[in-house]
Amino acid sequence: MGRRHEAAEVKEMLSASRLVTLTGVGGVGKTRLALRVADEARRAFPDGVWLAELAELDNPALLAQGLTEALEIRDHSPRPALDVLVDHLRDRQALIVLDNCEHLLEECARLADRLLRAAPGLRLLATSRQALGTAGEQSLAVPTLGLPDLEGPRPTLATLARCDAIRLFTERAAAIVPGFQLTEDNRDAIELICRRLDGIPLGIEIAVVRLRALSVQQLLDRLDDRFRLLTTGSRTVLPRHQTLRALIDWSYELCTERERLLWARVSVFAGSLDLDAAEAVCSGEGIDRAEILDLVTELVDKSVLLREEHRTAVRYRMLDTLRSYGRERLAAAGEEDVRLRRHRDYYRGLAADARAALFGPAQVQWFARLQLEHANLRTALEGCLTEPGQTGRGLEMAADLLYHWITSYYLGEGRRWLDQALALSTEPTAARARALWTDSWLAVIQSDTDAAAAMLEESRSIGTRLGLDPVLAYTALYSGMVAMYRGETRSAIALYEEAVTRHRATGDPVGLALALIRLSLAHSFIGDSPRAIALGEESLAVCDAYGEGWHRAYTMMALGMDVWRQGDTARAAALEKDSLTFNRSLDDPLGVAVNLEVLAWIAATDRDHTRAAGLLGALRTIWHAIGAPHSGYGHLALYHEECETAVRRALGKAAFNTAFKRGARLSYTEALVYALEDELPSEEPAVGGRPSPLTPRESEIAQLVAQGLSNKEIASSLVIAQRTAEGHIEHILSKLGFTSRAQVAVWVAEGHRTAEADGQHPPEDPA
């Protein structure tokens, strides 16, 4: 029951076709069915099942980039996102759910065609209001929830309770009215309500909210009145899209005037929003700022807004169907342009605030917040770069987000925004000079040093002409990186020295810490350990004075490198592991890769050659995933090659290849555990000969559940959104067939025994 037949049909279609599209009106349950199928089919896809939520993606040009984010691909190369996707998926057996494709139909069709041709082990499960229309596609029109047969005998109460639509109604009603049950007294009214709503899940959920103020019979009477007016007295069943539209109209009209205003205005947000954003964007002209909290609360109570818990704040999300409806109302009221401008200006200001708070104790919280706001930041940037007279502000915003681009999945996207803004805003201003050196760092990380050098030359020219000391300080710093990458160590040191002097003079702790780290690495490279250590310690002092963590982690990495060169491998390993712990919490793959490099060199120095070979194998996988080996640290390739040569010689070809391949097979999470704990995961099969059904990330979260951490604490520990942690835990429970966290803890304690070994099965999906 509960979509069992439909789920089985979709799985059968997926076995025959590599692209299956679930179609139907908004609110019919396409997404819910797709996620159920994906969870149940997970074990058929050893390389994972992934969800790409496309509703918040308005720009078709960013479709491939959005998919790389959904697949958690952190590629730092300058390649187009679609090429990165193709390369990543080429030899993988994976299932991707493309959710809400209707507004990007042609783009999704082209993307699907390209990916399926390039990756024979890939399957795509799409949801859309219409089929994609590409070759080989199979589609299923998702039916509404089941209702009793009108022609058959009157069902018993128990039989009625098992009907999908009735069960959804009663479950949602019990959540709103404690103790609510299906009874002989209310059964007919509940069945009629579900019939009036054509069994559309979203319609049922919206209607049930009214039970806070109405009885079941009153709700039925009002629905009858509503639909009678709509059909001029006809009792014929309404077309499903008209049914849902009528219900949303009714919900809208039952809101107060201010609640309607807020509903419409919130529709300009992409993805989710917090209370501060709602107050800034939606207040004025009919709504006082002080009223926003109460109005948000009312819309949450009416299920117009969904409440989401995150680590430090609550956020709100609107279902796409309700968001589209609100946007229509906003446009009809003539407010769309005004609210989009307010939205753009708010997020431009947020980016500037994040830049100002970058170097301090709130740094990681800002990084996490910007990731949550990424869809809104995109919308704001798009607004700046498409509205006449705003391109200069878009240039500033793209530059303000530098650390968002380099500490997340968005480095390639950040460079594209900067390139686009620079092409549109060509005046030799201070903003252009800053955007040029910002873009140059992204180019350096992508190993595109020629482009970086050209941008730095123009930035320096503008800075000299306008007397911009901060610009000259940063152009010296990044020019030093280019020189170091090209093997011009003495020139790099001179440029880094200039950057340190200029950053001290301008009082910029961010630039000073960066310059000190790079200068320390350069002096270490030429063997000047005393100078390298002194510079590293000065950088630590700068970071500690501001309570800063990310630059501090890179400083420890640099210090660990020189301490290793001096022969103190124990202290070097401790420094690298401290640095790795922070970079892991931030999920910074570039920092992690450099930490693993140094730990491999340390292992080789300690003659732990098997461990060194394993780390080198893991590094091959990580550098390949990043897309630009030693990006920004090209001079380290010499140490890497020396390490690999020494370890090959010590182990011999066969032993080296065995250890190297074992390391290369480690997942990202397993590689970090190995680096921190000095022990490779066992290659013994799981109990009963079965591997763990969990992904590495889910295994990590299961361990934290077993330690008794709450969802909030897990999210904080892993620096992810609480909603993301909750989603992982739901998947863990579903995949293991458990209903409680305590069962997960026992499973972990027993050595990852599978649910099937215990004779347990996943619970039924209630809808």
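Only heavy atoms go into these numbers, but all of them, side chains included; no hydrogens, no water, no symmetry mates.
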- Message: Determine whether Arg460 and Val471 satisfy the following criterion, side-chain contact (heavy atoms from CB on, under 4.5 Å), listing intermediate values before the conclusion.
- Response: CA-CA 7 Å; Arg460 187 184 302 109; Val471 168; over 6 Å; no

- Query: Should Arg584 and Val673 be marked as a side-chain contact (heavy atoms from CB on, under 4.5 Å) after you check the CA-CA gap, both sets of side-chain angles, and the distance that decides it?
  - Reply: CA-CA 10 Å; Arg584 178 195 193 188; Val673 171; 3.9 Å; yes

- Task: Please lay out, stage by stage, how Glu413 and Arg378 fare under the test salt bridge (Lys or Arg N to Asp or Glu O under 4.0 Å).
- Result: CA-CA 10 Å; Glu413 181 182 342; Arg378 272 180 174 159; 2.8 Å; yes

- Item | Worked verdict on Ile533 versus Asp562 for side-chain contact (heavy atoms from CB on, under 4.5 Å) | CA-CA 7 Å; Ile533 296 295; Asp562 197 78; 3.7 Å; yes

- Residues Glu644, Glu641; criterion side-chain contact (heavy atoms from CB on, under 4.5 Å); working and verdict: CA-CA 5 Å; Glu644 183 169 336; Glu641 291 163 6; 5.9 Å; no

- Item | Audit row: Gln65, Arg416, side chain to side chain donor-acceptor pair (under 3.5 Å) steps and yes/no | CA-CA 11 Å; Gln65 173 64 35; Arg416 285 190 289 275; 2.7 Å; yes

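You'll find the side chain of Val647 reaches within 4.5 Å of the side chain of Cys643, heavy atoms only. Using a 4.5 Å heavy-atom threshold, the side chains of Thr407 and Gln363 count as separate. Two residues are said to be in side-chain contact when any heavy atoms from C-beta on lie closer than 4.5 Å; Leu616 and His640 meet this criterion. Considering only heavy atoms from C-beta on, Met481 comes within 4.5 Å of Tyr496 through its side chain. In this structure, Leu436 and Tyr478 have side chains that are not in contact, with every pair of non-hydrogen atoms separated by 4.5 Å or more. Under the 4.5 Å side-chain criterion, counting only non-hydrogen atoms from C-beta, Leu540 is in contact with Leu559. Counting heavy atoms from C-beta on, the side chains of Leu456 and Tyr474 never come closer than 4.5 Å. Annotation: side chain of Trp417 is not in contact with side chain of Leu401 (no heavy-atom distance under 4.5 Å).
Of the possible polar contacts, one joining the Trp405 side chain to the Ala398 backbone as a donor-acceptor pair under 3.5 Å is found. Here the side chain of Asp606 pairs no donor or acceptor atom with the backbone of Asp608 at under 3.5 angstrom. Between the side chain of Trp441 and the backbone N or O of Trp437, no donor-acceptor pair lies under 3.5 Å. Distance alone, capped at 3.5 Å, places no donor-acceptor pair between the Ser579 side chain and the Leu575 backbone. With hydrogens and angles ignored, the 3.5 Å screen pairs no side-chain donor or acceptor of Glu498 with any backbone N or O of Leu495. Panel note: side chain Ser524, backbone Ser520; no donor-acceptor pair is recorded below 3.5 Å. Put simply, the side chain of Thr658 gets close to the backbone of Ala654: a donor and an acceptor are under 3.5 Å apart. Counting only distance, with no hydrogens or angles, the side chain of Arg611 and the backbone of Tyr674 share a donor-acceptor pair below 3.5 Å.
The nearest pair of heavy atoms linking Leu442 to Gly414 is CD1-C, 3.8 Å. Annotation for Pro509 and Gly507: closest pair CD-O, 3.2 Å, computed over non-hydrogen atoms. When every heavy atom of Ser425 is checked against every heavy atom of Gly392, the shortest pair comes out as OG-CA, 3.9 Å. The two residues Val482 and Ala452 make their nearest non-hydrogen contact at CG2-CB, 4.1 Å. Scanning all heavy atoms of the two residues, the minimum distance from Met556 to Glu576 falls at O-OE2, 3.9 Å. Across Ala664 and Thr621, no two heavy atoms sit closer than the pair O-OG1, 3.0 Å.
The cationic atom of Arg565 (NZ for Lys, CZ for Arg) does not lie both less than 6.0 Å from the six-membered ring centre of Phe525 and within 45° of the ring axis.
We find that Arg552 and Glu537 are not joined by a salt bridge, their nearest charged nitrogen and carboxylate oxygen being 4.0 Å or further apart. Glu538 has a carboxylate O that lies under 4.0 Å from a charged side-chain N of Arg504, or vice versa, which qualifies the two as a salt bridge. Residues Arg432 and Glu458 are paired through a salt bridge, judged by an N-O separation under 4.0 Å between the basic side chain and the carboxylate. A salt bridge does not link Arg502 with Asp508: every distance from a Lys NZ or Arg NE/NH1/NH2 to an Asp or Glu carboxylate oxygen is 4.0 Å or more.
When the shell of 6.0 Å around CZ of Arg607 is examined, it contains 12 or fewer heavy atoms from other residues, nucleotides or ligands. Within a 6.0 Å radius of CD in Glu642, more than 12 heavy atoms belonging to other residues, nucleotides or ligands are found. Remark: Arg620 CZ is loosely packed, at most 12 non-hydrogen atoms of other residues, nucleotides or ligands lying under 6.0 Å away.
In this structure, a donor-acceptor pair under 3.5 Å is present between the side chains of Asp588 and Tyr554. For the residue pair His551/Glu548, the side-chain donor-acceptor check at 3.5 Å is satisfied. Inspection of the Tyr639 and Glu597 side chains reveals no N or O donor paired with an N or O acceptor under 3.5 Å.
Of the candidates Trp550, Tyr546, Tyr403, Trp366, Phe359 forms a ring-ring contact (aromatic ring centres under 6.0 Å, His included) with just one, namely Tyr546. None of Arg434, Arg393, Arg348 except one satisfies the salt bridge (charged side-chain N to carboxylate O under 4.0 Å, His left out) rule with Asp400; the exception is Arg434.
With rounding to the nearest 0.5 Å, the separation of OH in Tyr347 from SG in Cys384 is 13.5 Å. To the nearest 0.5 Å, atoms CE (Met557) and CG (Leu580) are separated by 11.5 Å. Atoms OG1 and CD1, on Thr68 and Ile73 in that order, are 6.0 Å from each other to the nearest 0.5 Å. A distance of 10.5 Å separates CD1 of Ile462 from OG1 of Thr475, quoted to the nearest 0.5 Å. Once rounded to the nearest 0.5 Å, the distance linking CG of Leu521 with CD1 of Ile526 reads 12.0 Å. In this structure, Met484 CE and Arg490 CZ are separated by 10.0 Å, a value rounded to the nearest 0.5 Å.
Taking the six-membered ring where the residue is Trp, His374 and His404 present tilted rings, their angle falling between 30° and 60°.
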